Amino acid sequence: MQIKLRVFRFDPEKDQKPRFDTFFMDVDPNDRVLDLLEYVKADFDSSLALRRSCAHGICGSDAMRINGRNYLACKVLVKNLHSDQITVEPLLGLRVIKDLIVDMEPFFENYRSVLPYLINDEALPEDGKERLQTPEERDRFEDTTKCILCAACTTSCPSFWSDERYVGPAAIVNAHRFIFDSRDRAAERRLNILNQQIGVWRCRTAFNCTEACPREIHITTAIAEVKQAILSGKV
Amino acid sequence: MTNIHQYDVVVVGGGGAGLMAAMYASQRAKTAVISKLYPVRSHTGAAQGGIGAALGNLEEDSPEWHTFDTVKGSDYLGDQDAIEFMCHEAVQAVYDLEHMGLPFSRTADGRIAQRPFGGHTNNVTKKPVRRACYASDRTGHMILQTLYQQCIKNNILFYDEFQAMDLLLVDGKVAGVVAVELATGELHVFHAKAVIFATGGHGRIWEITSNAYAYTGDGCAIVARRGIPLEDMEFFQFHPTGIYKLGILITEAVRGEGGILFNKKGERFMERYAPTIKDLASRDVISRAMYLETRAGNDVNGQRFFYLDVTPETVNKYAEIDGRTRPDGTPYRVTAQEILSKIPDIADFCQTYLGIDPTRQPIPVQPTAHYAMGGIPTNIMGQVVIDEQNTVLPGLYAAGEVACVSVHGANRLGTNSLVDLIVFGKHSGIHAAEFALGADFVPLPADPTEYVREQISRLHAGSGKEKAAAIAREMKAEMFDHVGVFRTQEGLEHAIQKIRELQERFKDVRVTDSGKIFNMELLQTWELGNMLDLALVTAQSALARTESRGGHARDDYPARDDVNWLKHTLAWMDRDQIRLGYKPVVITKYPPKERTY
Ligand SMILES: Cc1cc2nc3c(=O)[nH]c(=O)nc-3n(C[C@H](O)[C@H](O)[C@H](O)COP(=O)(O)OP(=O)(O)OC[C@H]3O[C@@H](n4cnc5c(N)ncnc54)[C@H](O)[C@@H]3O)c2cc1C
Ligand code: SF4
Ligand code: FES
């Protein structure tokens, strides 16, 4: 099918302000939007800059705004957009460096702030083998282990747009993954961090995050569980 | 402007192998990791099915069986001392990962869950054994996340989005690496006592591939240009079940859970090629069977694909025929829901890219380029060895898919790459730190970035007559057709000629973006140069090897030839020529036998 692809362009070494380049191309409805961007690079303008690696929704490199919504470019097919006009822009709320590349550092800083690692200083099992965890205990946090840190959620959140210091849904998801892990011992510390001014209470349950998540994580539910844990003091 | 940094140990690559190496090296030595991708974007995150270790959580198993299966899987080209070491270390390595917080799936009694995988057997009964430890169907994702989390906890120093382009050697000793910072385009010299390459594979050389865009073989190409040989490059694994056309991997775990392969006649063709373990035969065996089925006209619609069927009806029907039981002895029967819970990501891929529900419809699959068995030659400690006598190059290490220890020989067994990353990543980290503590810095060469600058200016100076994208397309198609699942002298000679022609044309490519900030075009064009070099090494090594073994199948030499070819290939890039040499395979307990499944 024929489509009209508009791509956000900005070269900090040349441009005063961003612009959109338009490309008309013949594509397969089953093509990924990432494929279209690769066609642009191959056949129209090889200088287009974006991040991508796995091309199947696993590495989290290519979150971007496509027709006004956050997607992984490699996980949305042309036919899913139900339109022959496709507009591709960088994520909102993070500084644009060049074309579709944004500065991810604030995002990773927020991630690191919630102690996203297992904390347990107790002695390991004497036989040296695994700690035990029932399938039910594991199910408690299974959903939030799926996060690929793509930032689609955080950069779709109005609270994050208005204040970059807000830890954002992705950081809360990753805190949830440890708070509800039966092997972890630092839930309280994480809940304290998230109880701060720039923590979980900034969430106004706009649901944008859950809609944006390419891993279909129930983010709003996870945030609600964290809020509940703070209020009740129990996990 | 050049920035100079000094570290005892520099790790190039932030995937499973690199993070593991960094964690252990940093315990004793000043260490930094440079990675062209953010570490969490590394390809380790794509691994699905599992990590093999004989924990015996569900049934009897032992590291000896794992060793033998790996030796057999390697078609006897793996070094048996290294394999034995890896399979014994695997058990503790998996426990270590659990202790770091990896959320493995669990058995009813709370232990790490395990499932069957291709080529993993009970050596007594010859039946499939549950050895693959898994976290749903995103084991690699969980390994990568867990290791990265631990690195944050331990304050490991990262240079994210720095791409290494050269290795500095002075008088045969390591002095460091040169990298470009993507965000600024500036060159950085990392002066180091020890360097560990953990840059992953090069499967982007082929048209249909399960591999990420980043899999361009930078590590192999960088060291080869500095005179270090590459080992066993003709051995590249084609995984039998890539999604038709897209190449996206459908893990072997789907067959572990009972999925069956069918040809266009609805026939379970693997019964004819591997009568004992059928659909769970080694990958090379199945990919070759598909090729032969295609040649016999049994592929679906004449389009070179087959069906992988994991609908409950099919799984249950064949489980009954095969007499498959659960650990408690009851017959193996599944529901759609159970299947979904075991392979949620696979179901998601099928839904997203094919619009099908795998519990209702079969998945169209075809062989996809998947894994580099060959790479930078190392010993068990991860030290790079540079000749037929295994002479060590002091200070240089490699681990993970970029390395060739060799534990995978001619064909890697499923789940053994993740084991390899963890075990050899760890040991190269430990050893590199040890080495660095006892060594002095080798003084840097007078102009350390000279060679990188020269490479970059060449990419800007081409006539512009040729397009990188066109050259890449032609290379991939040529490699898939002639240096793929089946090879012939004629095809390989054709490929070599073609690649040489593409290398010539590559000189006429010009990078249009002259900027410094995130000049992705420059880096990707440089990567294409790497791929062309490795394509040539692969085809040359394959042409010389006149036998069929594991992933290297020659139509014109269909049999394995232990008399002449039970040896590792070493390939040196001497300017424009490829020079080949050979070194013996280490055989300890298992003399080569015919390989049947
Ligand atoms: C789809 C898929 C499924 C798989 N499933 C399994 C499985 O179930 N079990 C199993 O055992 N194996 C599996 N494998 C294989 C296994 O995942 C890989 O072999 C393994 O993860 C490679 O790890 P690595 O650490 O060597 O490299 P990677 O994880 O790829 O890391 C490479 C690192 O090097 C960096 N890098 C590369 N070039 C440069 C450069 N020039 N400068 C700086 N940094 C650089 C990258 O940024 C990256 O951080 C699978 C592979 C794929 C593709
Ligand atoms: S929660 Fe979902 S959208 Fe947010 S970073 Fe993780 S994977 Fe991306
Ligand atoms: S390229 Fe990896 S998520 Fe899209």
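Remember, it's a predicted structure, so these values are computed and weren't measured experimentally. The analysis underlying the following values was restricted to heavy atoms, covering all of them including side chains, and did not include hydrogens, waters or symmetry mates. Naming convention: chains lettered A, B, ... in sequence-line order (proteins, then strands); numbering from 1 in each chain.
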Are there more than 12 heavy atoms of other residues, nucleotides or ligands under 6.0 Å from atom NZ of B:K245? no
Please rank A:C150, A:S61, A:A49 by heavy-atom pairs under 4.5 Å with chain B and give me the top one. A:S61
Is there a side-chain contact between B:R138 and A:T145, using heavy atoms and a 4.5 Å cut-off? yes
Would you say A:K146 and B:P344 make side-chain contact, with heavy atoms under 4.5 Å? no
Say you draw a straight line from OG1 of B:T146 to CG of A:L118; how long is it, rounded to the nearest 0.5 Å? 9.0 Å
What part of A:E105 is in contact with chain B, defined as an atom under 4.5 angstrom from a non-hydrogen atom: side chain, backbone, both or neither? both
For the backbone of A:I148 and the side chain of B:R41, can you confirm whether one donor and one acceptor N or O come within less than 3.5 Å of each other? yes
Of the listed B:Q92, B:Q149, B:K467, B:R473, the one with the largest count of heavy-atom pairs under 4.5 Å with chain A is B:Q149
Pick from A:S53, A:C59, A:A55 with the largest number of heavy-atom pairs that fall under 4.5 Å of chain B: A:S53
Counting only heavy atoms from other residues, nucleotides and ligands, does the tally under 6.0 Å from NE2 of A:H218 exceed 12? no
Less than 4.5 Å to any heavy atom of chain A: does that hold for the side chain of B:L102, its backbone, both, or neither? backbone
Would you mind telling me which of B:H99, B:H43, B:M520, B:H141 has the largest number of heavy-atom pairs within less than 4.5 Å of chain A? B:H99
Using a heavy-atom distance cut-off of less than 4.5 Å, which residues of residues 23-44 of chain A contact chain B? A:R32, A:L34, A:E38, A:K41, A:A42, A:D43
Any side-chain heavy atom of A:D127 sitting closer than 4.5 Å to one from B:Y95? no
I'd like to verify something: which residue of B:A108, B:G45, B:S105, B:A214 has the highest number of heavy-atom pairs under 4.5 Å with chain A? B:S105
Contact check, side chains of A:E142 and B:P103, non-hydrogen atoms, under 4.5 Å: no
Most chain A-contacting option - heavy-atom pairs closer than 4.5 Å, from B:A470, B:S136, B:A113, B:A472: B:S136
Using non-hydrogen atoms and a 4.5 Å limit, figure out which bit of A:P12 sits close to chain B: side chain, backbone, both or neither. side chain
Just grab all the ring pair (Phe, Tyr, Trp, His ring centres under 6.0 Å) pairs involving residues 91-121 of chain A, residues at least two apart or on different chains. A:F108-B:Y38
Given a strict heavy-atom distance threshold of 4.5 Å, which part of A:R131 is in contact with chain B: side chain, backbone, both, or neither? both
Between A:R51 and B:E161, is the closest basic N to carboxylate O distance under 4.0 Å? yes
ring-ring contact (aromatic ring centres under 6.0 Å, His included) filter on B:Y213, not counting sequence neighbours, yields none
Kindly compute the distance separating CG (B:L55) from CD (A:E130), expressed to the nearest 0.5 Å. 6.5 Å
Comparing A:K79, A:K14, A:R215, A:R112 against chain B, the one with the most heavy-atom pairs below 4.5 Å turns out to be A:R215
SG (A:C54) and CG (B:L249) are apart, to the nearest 0.5 Å, by 12.5 Å
Top contributor to chain B contacts, counting heavy-atom pairs under 4.5 Å, from A:E216, A:E137, A:E136, A:M104: A:M104
Within this structure, what is the CD1-OG distance for the pair B:I152 and A:S113, rounded to the nearest 0.5 Å? 10.5 Å
Crowding at CZ, A:R189 (>12 non-hydrogen neighbours, <6.0 Å): no
With heavy-atom distances below 4.5 Å as the criterion, would you say the side chains of A:I58 and B:D345 are in contact? yes
Please flag which part of A:L149 lies under 4.5 Å from any non-hydrogen atom of chain B: side chain, backbone, both or neither. both
Rounded to the nearest 0.5 Å, what separation is found between the NZ atom of A:K129 and the CD1 atom of B:I112? 10.5 Å
Please check this pair: side chain of B:R106 against backbone of A:T134, looking for a donor-acceptor N/O pair closer than 3.5 Å. no
Please examine the side chains of B:D348 and A:K75, heavy atoms only from C-beta on, and report whether any two atoms are closer than 4.5 Å. yes
Could you check whether B:E98 pairs with A:R183 (Lys NZ or Arg NE/NH1/NH2 to Asp/Glu carboxylate O, under 4.0 Å)? yes
Distance-only check: which donor-acceptor pairs under 3.5 Å involve side-chain atoms of residues 511-518 of chain B, not counting sequence neighbours?
| from | atom 1 | to | atom 2 | distance (Å) |
| --- | --- | --- | --- | --- |
| B:T512 | OG1 | A:S46 | OG | 3.1 |
| B:T512 | OG1 | B:E521 | OE1 | 2.8 |
| B:T512 | OG1 | B:E521 | OE2 | 3.2 |
| B:D513 | OD1 | B:G515 | N | 2.8 |
| B:D513 | OD2 | A:K98 | NZ | 2.7 |

